[in-house]
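Every heavy atom of this structure was used, including side-chain atoms; hydrogens, water molecules and symmetry mates were not. First the proteins, then the strands, lettered A, B, ... as listed; each starts at 1.
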Amino acid sequence: MMRNERYNAREAERKWQKTWDDRELFRTKNNDPRPKYYVLEMFPYPSGRIHMGHVRNYAMGDVVARYKRARGFNVLHPMGWDAFGMPAENAAMANKTHPATWTYANIATMRDQLKSMGLSLDWHREIATCDPSYYKHQQRMFLDFLKAGLIDRKTAKVNWDPVDQTVLANEQVIDGRGWRSGALVEQRELTQWFFKISDYAQDLDDALDRLERWPEKVRLMQKNWIGRSEGLSVRFALDAETAPKGESEIEIYTTRPDTLFGASFVALAPEHPLSKKASENNPALQAFIDECRKIGTAQELIDKAEKKGFDTGIRVTHPFDPNWTLPVYVANFILMDYGTGAIFGCPAHDQRDFDFATAYHLPIKTVVCPSDQDPKTYAVGDAPYVDDGKIINSLFLDGMTITAAKEEVAKRLEEVSLNGKPVGTRKVNFRLRDWGISRQRYWGCPIPVIHCEVCGTVPVPIKNLPVKLPDDVTFDVPGNPLDRHATWKHVDCPQCGKKARRETDTMDTFVDSSWYFARFTDPWIEDQPTDRSAIDGWLPVNQYIGGIEHAILHLLYSRFFTRGMKKTGHAGIDEPFDGLFTQGMVVHETYRDAAGQWVSPAEIEIAMDGGDRKAKLLSSGAPVEIGSIEKMSKSKRNTIDPDDIIGTYGADTARWFMLSDSPPERDVIWTEDGVQGASRFVQRLWRLVSDVADQTPSDNAHDAAAEDAVLTIRKAAHRAVIRVEDDVERLRFNRCVAHAYELANALQAELAVKKDKNVSGEWIAAMREAAEFLIAIIAPMMPHLAEECWAELGHQNLIAETPWPKADRSLMVESDITIPVQVNGKKRGEVTVARDADNATVEAAVLALETIKTALDGKPPRKIIVVPQRIVNVVV
RNA sequence: GCGGACAUGGCGAAACUGGUAGACGCAAGGGACUUAAAAUCCCUCGGCUGAAAAGCUGUGCGGGUUCGACUCCCGCUGUCCGCACCA
């Protein structure tokens, strides 16, 4: 009997979700004896509704979770909400709601949406970072970090976002603009709380090499960000006649000590103490420094500013020649917070120094000679030479390589002393700065300290945690509502009892996401942030999946925070994520109407017009221009609402399409055709399984042809399972999809051959086994359809609780194999030989081929290369 | 400027550590079924020659290594990404 009923995704998905729920199938126990597997996708910000990027991210994670569960692992697959942050305050301002109301309403909506995807999540472990039961522990860890010396409070030049009216970390400034607001970032001096991530710069750098299951790209990005450089700090003696009172030296930092004989000036940052001192009796210099500071308000302007300097009049002595003096400039391109805030300039071999020397007519002395030039005559022309070569014009360094010269200079300067200390000291510098976490916002985790006029900065006693956010706040004016709250910040000092003031800054929301993966391992424990036995059992996360946009910020902070947790006893490891995968974006075509306005895909219709795709408005029929393919965004109106897709086609179709076609690390193009293709496969698979279920055997069907068919079916099924195993492990979901199609095609073809014919019991058994394998293969990707098909085959249990099929690898071993035969590297034929045939036998078989005989034309072959079981190449 | 990645049919792509290029899907074209449409099923589908068998050619471009190169090496072009006065 053939069935014509369609698979009803809406009904089936609801039914199976309820079944999984009722049986608490995805509730994970910490004391389960099976080996653990922790798979985590980056938790969402509760912005309002889920988008296709979420669907892709969580579909991938769910494939891994369901697959690992089937392979016998105790899988932890939790979900939570990165719930603090600016958008909640913006919404509060716009809609006169409270950030908490807005946030929790969004969470409720998005939780329902995620549930409709049929994800195998342990919802019992759900956390929201804005909940006092979460941020209480974060405050506790802040205090522990403070005690352990991992936190600093210092005045620093900070990145100020004038729109969001808050401080940004360096990592949050992109092209001189705020990462969220897009406003031009200004520089301001503020007293801030800092996590001392730079203390771990070396360790964070070293450990990257051991993160073998991280994408190379991410490791490289972090390496560049940490920016380790090896160099020499050199102390120059000031010429006594020109030095400001009380000053006798300048310490500079260089990575090119080998070019010391090419020095022509020393330059200081405008904020350098010596610059300030020199300007005291020098109004012109003072004016120059002021000008630098003015330009320094916007990062973008700094980047474009011309190189400018001002001669301080101070002179320094060259460390290798007491008779050689160099001028000291204040220059706008020297950064106070890198190295020592002072450099020596070697114009011949550095672009910036070259520009500077050209502008101020300073000497340009060549000291490095390229290997293809004559050292006696070589001199740089209108551009500096920055590549490798041999040292020239440098006395005792002449003829040395750059590396050798660096070493020689360091060695010599270490032995000379100035003011009782060595002139030269080897020094490693990092680009990485400390992580400023103070934010002048309401909707964040309060920093649990109290400022007392008598006692200074006093930690809030742990028993008083959490420091809860007050509910009664207003957002009618810019700035921090906590700061202007009538009562909240006024407290008594926990130490002396006198009137004191709460810290009104809250923590950067990246702190919240720096340890949520740890809290998931035991989100119930109340007196500690983590339960050590739980965290030690579960961490590190085996597979972490998320967007490349977090390659630096979130991932670097989490790596630091985990080290901090280790130091304070809250964790036992350094690296939180063993395997990392960064998935690509979901992109879609864009459309514009005649007026150039963006039009959403839902408003148009696409038809073929003589081989060209033409779009027009559904409402008026007016033509619409089909534009480039872009990341889905509200501004370009090229988004597709997951709810619409799930409502129309079902979650399985959406998941299947997200996993098919494009490799997961690449962008996937969302197309209506593609979704329909996925939907067709859902229906096809359902028909296929139903047809297999309906087969009935007849007694007299056993024959040799049937035996062949049984073997063919079994091979196809077992091969598919083996391949999917391999590809899921490597997260190559697009290939998993292809294997499923291939097996489905094979089964369908076999059914067509046997249509209206008698079939044997053996044949039916093979077909059922193959169908079951096929269901198992698709189950991690399309879990609802898989359950429905599983039940259709008469199973009483769930596929979600059925172990992964055991593939028989011996089925793949053939006694005879067919291998290609090449002539001069071009395929010319095939030969079938015994699997274990020796090379001589294979050669004989190849030479017997007609095509080879023709190619040889009676002459003996020059050479025959036999790669056993692979290929034969005849060289003529 | 520095660093990195990528480049394969009309499209998304596959090809394990060098060994039959284009699996699988989408689109397109043709056909079957139908009063018709949808759905479904069958066939074709890199280019050129050919009725076919088959042959030649083909993985951005130019070289090289090799019996054999999408894969390795050198040079170029293009696209994308990260960092950007870091001494």
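- If you check every strand for non-hydrogen atoms under 4.0 Å, S662(A) touches sugar and phosphate atoms only.
- Of the listed nucleotides (C67(B), U40(B), C85(B)), C85(B) has the atom at the smallest distance from the side chain of F333(A).
- Residue R431(A) has a polar side-chain atom (N or O) positioned under 4.0 Å from OP1 or OP2 of A84(B).
- Across all strands shown, C72(B) pairs with G64(B); the Watson-Crick or G-U wobble distances both stay below 3.5 Å.
- Using a 4.0 Å cut-off, some side-chain N or O of Y338(A) falls inside it from OP1 or OP2 of A87(B).
- C67(B) sits 23 Å from G62(B) when the P atoms are compared, rounded to a whole Å.
- Atoms NZ (K863(A)) and P (U66(B)) sit 10 Å apart, rounded to a whole Å.
- Checking the phosphate oxygens (OP1, OP2) of A14(B), a side-chain nitrogen or oxygen of R666(A) falls inside 4.0 Å.
- In this structure, R828(A) reaches the C56(B) phosphate: one of its side-chain N or O atoms is under 4.0 Å from OP1 or OP2.
- A54(B): Watson-Crick or G-U partner is U49(B), with both key distances under 3.5 Å.
- Other residues, nucleotides and ligands contribute more than 12 heavy atoms inside 6.0 Å of the NZ atom of K223(A).
- Across every strand in view, C41(B) sits in a pair with G31(B) that passes the Watson-Crick or G-U test at under 3.5 angstrom.
- For the P atoms, the distance linking G31(B) with C70(B) amounts to 38 Å, nearest Å.
- A glycosidic torsion no more than 90° from 0 defines the syn conformation; G30(B) lies beyond that range and is anti.
- Nucleic acid contact class of D350(A) (heavy atoms, under 4.0 Å, all strands): none.
- I252(A) comes within 4.0 angstrom of no nucleic acid atom, judged by non-hydrogen atoms across all strands.
- Nucleotides C73(B) and C24(B) place their P atoms 31 Å apart, quoted to the nearest Å.
- Atom CE in M781(A) sits roughly 12 Å away from atom C1' in C24(B) (whole-Å rounding).
- Rounded to whole Å, atom P of C41(B) lies 10 Å from atom CG of L688(A).
- Using a 4.0 Å heavy-atom cutoff across all strands shown, L220(A) reaches sugar-phosphate atoms only and no base atom.
- Along RNA chain B, the nucleotide nearest to F344(A) and the one nearest to V668(A) differ in position, and the one closer to the 5' end is contacted by V668(A).
- Outside the 6.0 Å centre-distance limit, the rings of F310(A) and Y329(A) are not counted as a close aromatic pair.
- The separation between F681(A) atom CZ and C41(B) atom P is 12 Å, rounded to whole Å.
- Taking atom P on both nucleotides, A5(B) is separated from A53(B) by 45 Å, rounded to a whole Å.
- R730(A) places its CZ atom 13 Å from the P atom of A14(B), with the value rounded to the nearest Å.
- Taking side-chain N and O atoms only, R723(A) has no distance below 4.0 Å to OP1 or OP2 of A14(B).
- Using bins of under 30°, 30° to 60° and over 60° for the plane-to-plane angle, the ring pair Y7(A)/W686(A) lands in the tilted bin.
- Checked against a 6.0 Å centroid threshold, the rings of F356(A) and F265(A) count as neighbours.
- A sub-4.0 Å separation between OP1 or OP2 of G25(B) and a side-chain N or O of N734(A) is absent.
- Atom CD of E230(A) is surrounded by 12 or fewer heavy atoms from other residues, nucleotides or ligands within 6.0 Å.
- When heavy atoms are screened at a 4.0 angstrom cut-off, R228(A) is found touching no nucleic acid atom at all.
- If you look at H318(A) and F261(A), their ring centroids are closer than 6.0 Å.
- With values rounded to the nearest 0.5 angstrom, E605(A) atom CD is found 11.5 Å from E672(A) atom CD.
- Across G4(B) and U17(B), the matching C1' atoms stand 24 Å from one another, rounded to whole Å.
- A distance of 6.0 Å or more separates the ring centres of F657(A) and Y649(A).
- Between T255(A) and K217(A), the one whose closest nucleotide on RNA chain B sits nearer the 5' end is K217(A).
- A gap of 44 Å separates the P atoms of A27(B) and G75(B), to the nearest Å.
- Residue-level contact check: G674(A) touches neither bases nor backbone, having no heavy atom under 4.0 Å from any strand.
- Not a single donor-acceptor contact under 3.5 angstrom links the side-chain atoms of N224(A) to the base of C83(B).
- As rounded to the nearest Å, C11(B) and A28(B) have C1' atoms that lie 11 Å from one another.
- Across all strands shown, C6(B) pairs with G78(B); the Watson-Crick or G-U wobble distances both stay below 3.5 Å.
- Each of C83(B), U20(B), G25(B) was ranked by its minimum atom distance to the side chain of D661(A); first place goes to G25(B).
- Between N745(A) and the phosphate of G25(B), there is a side-chain N or O to OP1/OP2 separation shorter than 4.0 Å.
- The same atom, C1', is picked in G1(B) and in C56(B); the two are 48 Å apart, to the nearest Å.
- Counting any heavy atom pair closer than 4.0 Å across all strands shown, Y741(A) reaches sugar-phosphate atoms only and no base atom.
- Contact check, R680(A) against C26(B): a side-chain N or O comes under 4.0 Å of OP1 or OP2.
- Heavy atoms of Q822(A) sit under 4.0 angstrom from at least one base atom.
- Between C67(B), G25(B), A84(B), one nucleotide has an atom nearer to the side chain of R684(A) than all others, and that is G25(B).
- Residue Q748(A) contributes atom CD, which lies 10 Å from atom P of U40(B) at whole-angstrom precision.
- Shown are I334(A), L232(A), V234(A); of these, the side-chain contact (heavy atoms from CB on, under 4.5 Å) with I252(A) is made only by V234(A).
- Rounded to whole angstrom, the span from the CG atom of D727(A) across to the P atom of A23(B) amounts to 17 Å.
- One atom, CH2 of W214(A), and another, P of G4(B), lie 20 Å apart when rounded to the nearest Å.
- Nucleotide C83(B) forms a Watson-Crick or G-U wobble pair with G1(B), both donor-acceptor distances falling under 3.5 Å.
- Dashed line: the shortest gap from a side-chain N or O of S229(A) to OP1 or OP2 of A87(B) is under 4.0 Å.
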